[in-house]
Amino acid sequence: MNYFLVKSEPFKYSWDQFNKDGRTFWDGVRNYQARNNIKLMKEGDLVLFYHSNEGKNVVGIAKVVREFYQDPTTDDANWVVVDLSPVETLKNPVSLEQIKAEESLKEISLIKQGRLSVMQLKATEFDKILEMGS
DNA sequence: GCCAACGTTGGC
DNA sequence: GCCAACGTTGGC
């Protein structure tokens, strides 16, 4: 089992919208590193959902329901999507500030590589954020 | 709205 | 294959 974190601007695609939809394909990734991370996702892997710009917090947990396939919004074979479904909303959204302040999360890609929109998390990092959010 | 960080593009 | 110019992201 692998763990990931994806970013979305709430203005563009919010956690609320995601829950209304029940399932979505994660498109719009146009960065090779993020794309490579998407390709690592397997069905059943868990994904934290982070709101960038507005809120700047981890708001919920999603899971991978379909492994990567050609991005249906483009013909360019470079780009792929995965299907995600919401699993659970965090009782207490975990803010970027909290994550920064947490010693055990210092190495998290969210902080070390601010612009990356899809990243892999260590199991310990994933667990820690869940613990902070419950 | 600004700006730092950083990925991408294109000329050489 | 280097590197300057440019564009985008995202925190502040």
Side-chain angles (χ1 to χ4, degrees):
Chain A
M1 165 91 70
N2 284 310
Y3 301 95
F4 300 87
L5 182 148
V6 296
K7 287 182 185 174
S8 183
E9 296 181 49
F11 176 72
K12 195 181 147 210
Y13 193 76
S14 68
W15 177 247
D16 284 347
Q17 185 61 46
F18 183 36
N19 275 273
K20 274 178 209 151
D21 292 346
R23 175 173 181 148
T24 191
F25 57 85
W26 203 256
D27 69 328
V29 172
R30 294 292 181 270
N31 167 285
Y32 288 103
Q33 210 181 339
R35 191 277 314 269
N36 291 342
N37 288 331
I38 281 185
K39 286 188 168 181
L40 294 175
M41 292 182 183
K42 301 279 187 229
E43 199 175 321
D45 283 350
L46 295 176
V47 181
L48 293 177
F49 194 106
Y50 175 81
H51 276 167
S52 62
N53 282 321
E54 258 177 81
K56 282 176 292 179
N57 46 22
V58 178
V59 287
I61 311 165
K63 73 173 175 210
V64 179
V65 291
R66 181 176 169 190
E67 283 180 33
F68 76 89
Y69 55 97
Q70 169 68 38
D71 185 337
T73 65
T74 175
D75 288 332
D76 189 337
N78 278 321
W79 307 118
V80 299
V81 300
V82 287
D83 285 2
L84 300 177
S85 280
V87 174
E88 195 184 331
T89 302
L90 292 184
K91 280 199 206 75
N92 303 297
V94 180
S95 68
L96 182 64
E97 203 177 342
Q98 285 173 273
I99 291 170
K100 277 187 172 169
E102 179 58 46
E103 184 64 24
S104 61
L105 297 175
K106 267 174 75 176
E107 296 298 309
I108 199 172
S109 305
L110 186 65
I111 294 168
K112 295 197 85 178
Q113 242 185 312
R115 292 181 53 216
L116 188 61
S117 60
V118 180
M119 65 200 76
Q120 206 174 358
L121 296 180
K122 297 190 193 100
T124 50
E125 294 167 345
F126 181 87
D127 288 344
K128 184 68 192 176
I129 291 172
L130 284 202
E131 183 193 318
M132 290 162 78
S134 58

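Numbers restart at 1 for each chain; the letters A, B, ... are given by sequence-line order, proteins then strands. Treat the numbers as computed from the prediction; the structure is a model and nothing was measured.
The 12-atom threshold is exceeded at CG of A:Asp76, counting heavy atoms of other residues, nucleotides or ligands nearer than 6.0 Å. Within a 6.0 Å sphere centred on NZ of A:Lys39, other residues, nucleotides and ligands contribute more than 12 heavy atoms.
Using a 4.0 Å cutoff to heavy atoms of chain A, the contacted part of DNA chain C runs 5' to 3' from C:dG7 to C:dC12.
Checking A:Ser14 against A:Gln17 by side-chain atom types alone, no donor-acceptor pair falls below 3.5 Å.
Nucleic acid contact for A:Asn31: sugar-phosphate only, since backbone atoms but no base atoms lie under 4.0 Å from a heavy atom of the residue.
Using the six-membered ring where Trp is involved, A:Trp26 and A:Tyr13 have ring planes that are perpendicular, over 60° apart on the 30 and 60° scheme.
A distance-only check finds no donor-acceptor pair linking the side chain of A:His51 to the backbone of A:Val59 [under 3.5 Å].
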